[in-house]
Amino acid sequence: MLKISLPDGSVREMPKGSTPADVAAAIGPGLAKAAIAARVDGELVDLSRPFTGDAALALVTSRDEAEALDLARHDFAHVLAEAVQSLFPGTQITFGPSTDDGFYYDFAPKGRQFTDDDLPAIEAEMRRIISADKPLRREAIERDELIAQWRAAGESFKAEWAAELPQGEELSVYHSGNDWYDMCRGPHLPSTGKLDPAAFKLTRVSGAYWRGDQNNAMLSRIYGTGWLNKKQLEAHLVRLEEAGKRDHRKLGQEMDLFHLQAEAHGSVFWHPNGFKVWRELEAYMRRAIDAADYKEVKTPQIMDARQWEQSGHWGKYRENMFVIPDEVPNVDDVGPVISGEADWMALKPMNCPAHVLIFRQGIKSYRDLPLRIYENGCCHRNEPHGALHGLMRVRQFTQDDAHIFCREDQIVEEVRSFCALADRVYKDFGFTYAIKLALRPENRFGSEEMWDQAETELRHAVAAAGLNTAEYGWAELPGEGAFYAPKLEWHLTDAIGRTWQVGTIQSDRVLPERLDASYVGEDGGKHRPVMLHRAIFGSYERFIGILIEHFAGKLPVWLAPVQAVVAPIVSEVDGYAREVASQLKAAGIRVESDLRNEKINYKVREHSLAKVPHLLVVGKREAEEGTVAIRTLGEERQRFMPLAEAITMLQGEATPPDLRA
RNA sequence: GCCGCUUUAGCUCAGUCGGUAGAGCACAUCAUUCGUAAUGAUGGGGUCAGAGGUUCGAAUCCUCUAAGCGGCACCA
């Protein structure tokens, strides 16, 4: 007999060969029905997996939501694969995991790729398989035998994969009924009928490279979202819809902030409203860097290719650079082809080399360090076309970029104080964040010792700032550093839980070396400074995009392009409305007046949709009393107050957070 | 760059079987002076993304190009 201990401390004796399902049945029919998997000695396994000895057992039911969701999504992926192979014979299966909100499966289709139009039929077939309540049965199988089976079945991707698993390893396949199986580690639900046929939806198709490598075959990926029940699915679809309403591209158009067009694709046309937000951010950042003893500079947009060669960008980054010939073209030659030998220039993709060139002017002493050089640096990068996305990924952008030149022994303190500065900034905008350390990538400059040292310093600095904790989502990301330095990364969490990588600080010894930056030390000798690359917003474009989505367009008053609109009810009080507007303007409020011959309902609607924070309505009563009726965005009530009081209130709200008492 | 889809008025979109382009909003003019999410009437506005092809005839079918969207890959 086996001794099976349960979470409540009790122990059950079970015959050899029995399974978690047998224990569930022994406890009661209700539990037997509710159980979907088992945790045996901490490991999640099938209900039908026989015990191999005495064990601690915890039965998993749909109340264990995290496990249940993952199991269900994994099963949905299998059902999807089975459905596709049944509808499209000859399609090869490859790989299909669960995701944060559902699942996907990658197929190598026969003939053509799948399209959205295929989804309804596949969904219907999936529902049929679920309704058929097919038992999911695990079978252990020896590796070479499975490879032979996959080859015989024409499943070359599966065979390739199995062939890379260790020789002689026992693998497992899961059978769905008697007519379909897939290689899988498991575990799975006992049968397809445990899935709710109304709790999933196929959402889109896309291409995906086999094993994520663009040199490999392009597969056809089908995405779905999957849940435990219909209610959860519907709640998820509502969340998607809400997220769609925050889309900065849509809000940017509605609020007349900016536009993009084909003739300058990947570059932003900032409209007057959008640029007001930009200017407010720029002013905020200037106050921050002035207070932190940075020196602001402005450097050339275009530099000679030889300079980029020396910095290493020509070798490592040229694919992403806009390169132009350095010659005055003969007017007659200016046509589709520019021929002849040309020296090359390139638009800067980064500001760092230019900042080193400023550092190099004149002799620097150790007394000058740390020297913090800041620039609102406009960079151009020729990004892969498929990567462009609204304000989030553009080809021309402006970074809040700075480079701190310092001695080795100043690194930890500089990084620590940067952490404090970044913390202050993100809190001013209402974000929480996580910090990650991106470690050396494969494609890199510099020695192993240098990377060891740089990575260790950043770890120390984060520890000194007390940020290497779970609270700050501390994690290390192997292989994700820049080609010249490891990076600390700040990942913001927005109002609906999405994360955005914005800020970074990187400790770099490569560029000072390549561009021969040096300072005179206390010993009178020449020394190499370390260069810390750092940004907080990342880029103005992207940061504004994130702000728009975070606030769903309802920017805080200090950032709102138009902070208040004065709207008279009858034209008789236009004069008073003008007076109100002019007093607000004199008080530094970004105000507009809406004197159009429209009903107040119309004006309320229009300015609400435009997300103006405060609408100041004035009628005969207000004009007589010298008051205003304030309607604040998102509220239906009105507040009546004397004009002077309203001005004080608006001034308070319009004060940037760093200037508040 | 790769896979799929899309592109019609300033915006959102309709346009059947290939027969010569429509709505709402916006805009303009006129009327209306109104108390918190759309006042009414009238009017102007289109090389149907671009190029080529099939056809008596193309927004519609085919090819190419460009851009956009969703992913993949990329992301200092």
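First the proteins, then the strands, lettered A, B, ... as listed; each starts at 1.
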What N/O pairs connect the protein and nucleotides 10-14 of chain B at under 3.5 Å? Give each pair on its own line.
| from | atom 1 | to | atom 2 | distance (Å) |
| --- | --- | --- | --- | --- |
| C11(B) | O3' | Gln253(A) | OE1 | 3.3 |

Return the set of residues passing salt bridge (charged side-chain N to carboxylate O under 4.0 Å, His left out) with Lys298(A) (not counting sequence neighbours), or none when no residue passes. none
Using atom P in both nucleotides, what's the gap between C48(B) and G10(B) to the nearest angstrom? 12 Å
Using the test ring-ring contact (aromatic ring centres under 6.0 Å, His included), find all partners of His607(A) that sit at least two apart in sequence or belong to another chain. none
Restricting both atoms to N or O, compile the protein contacts to nucleotides 3-9 of chain B shorter than 3.5 Å, with distance only.
| from | atom 1 | to | atom 2 | distance (Å) |
| --- | --- | --- | --- | --- |
| C3(B) | O2' | Gln113(A) | OE1 | 3.4 |
| C3(B) | O2 | Gly207(A) | N | 3.0 |

Pairs under 3.5 angstrom only: tabulate donor-acceptor contacts from the side chains of residues 103-111 of chain A to other protein residues two or more places apart or in another chain.
| from | atom 1 | to | atom 2 | distance (Å) |
| --- | --- | --- | --- | --- |
| Tyr105(A) | OH | Asp182(A) | OD2 | 2.6 |
| Asp106(A) | OD1 | Arg221(A) | NE | 2.6 |
| Asp106(A) | OD2 | Arg221(A) | NH2 | 3.1 |

Which residues share a ring-ring contact (aromatic ring centres under 6.0 Å, His included) with Phe418(A), sequence neighbours left out: Trp490(A)
Does a side-chain N or O of Asn601(A) approach OP1 or OP2 of A37(B) to a distance below 4.0 Å, or not? yes
Could you run down the sub-3.5 Å N/O contacts of the protein with nucleotides 41-44 of chain B?
none

Can you identify which nucleotide, out of G35(B), U36(B), G71(B), has its nearest atom closest to the Arg631(A) side chain? U36(B)
Can you run through RNA chain B from 5' to 3' and write each base as (, ), [, ], | or . depending on how it pairs? Watson-Crick or G-U wobble, both distances under 3.5 Å. (((((((..((((.....[..)))).(((((.......))))).....(((((..]....))))))))))))....
Any idea how Phe431(A) and His550(A) line up, ring-wise: parallel (<30°), tilted (30 to 60°), or perpendicular (>60°)? tilted
Considering residues at least two apart in sequence or located in another chain, which fulfil the ring-ring contact (aromatic ring centres under 6.0 Å, His included) criterion with His491(A)? none
Lys NZ or Arg CZ of Arg73(A) over Trp227(A) ring: under 6.0 Å, within 45°: yes
For nucleotides 48-52 of chain B, print each protein N/O atom paired with a nucleotide N/O atom at under 3.5 Å, atom names and distance only.
none

Residues at least two apart in sequence or cross-chain that pass salt bridge (charged side-chain N to carboxylate O under 4.0 Å, His left out) with Glu448(A), listed by chain then number, are Arg440(A), Arg444(A)
ring-ring contact (aromatic ring centres under 6.0 Å, His included) with Phe269(A): which residues, sequence neighbours excluded? His259(A)
At 4.0 Å (heavy atoms only), tell me whether Lys487(A) reaches a base, stays on the sugar-phosphate, or touches nothing. sugar-phosphate
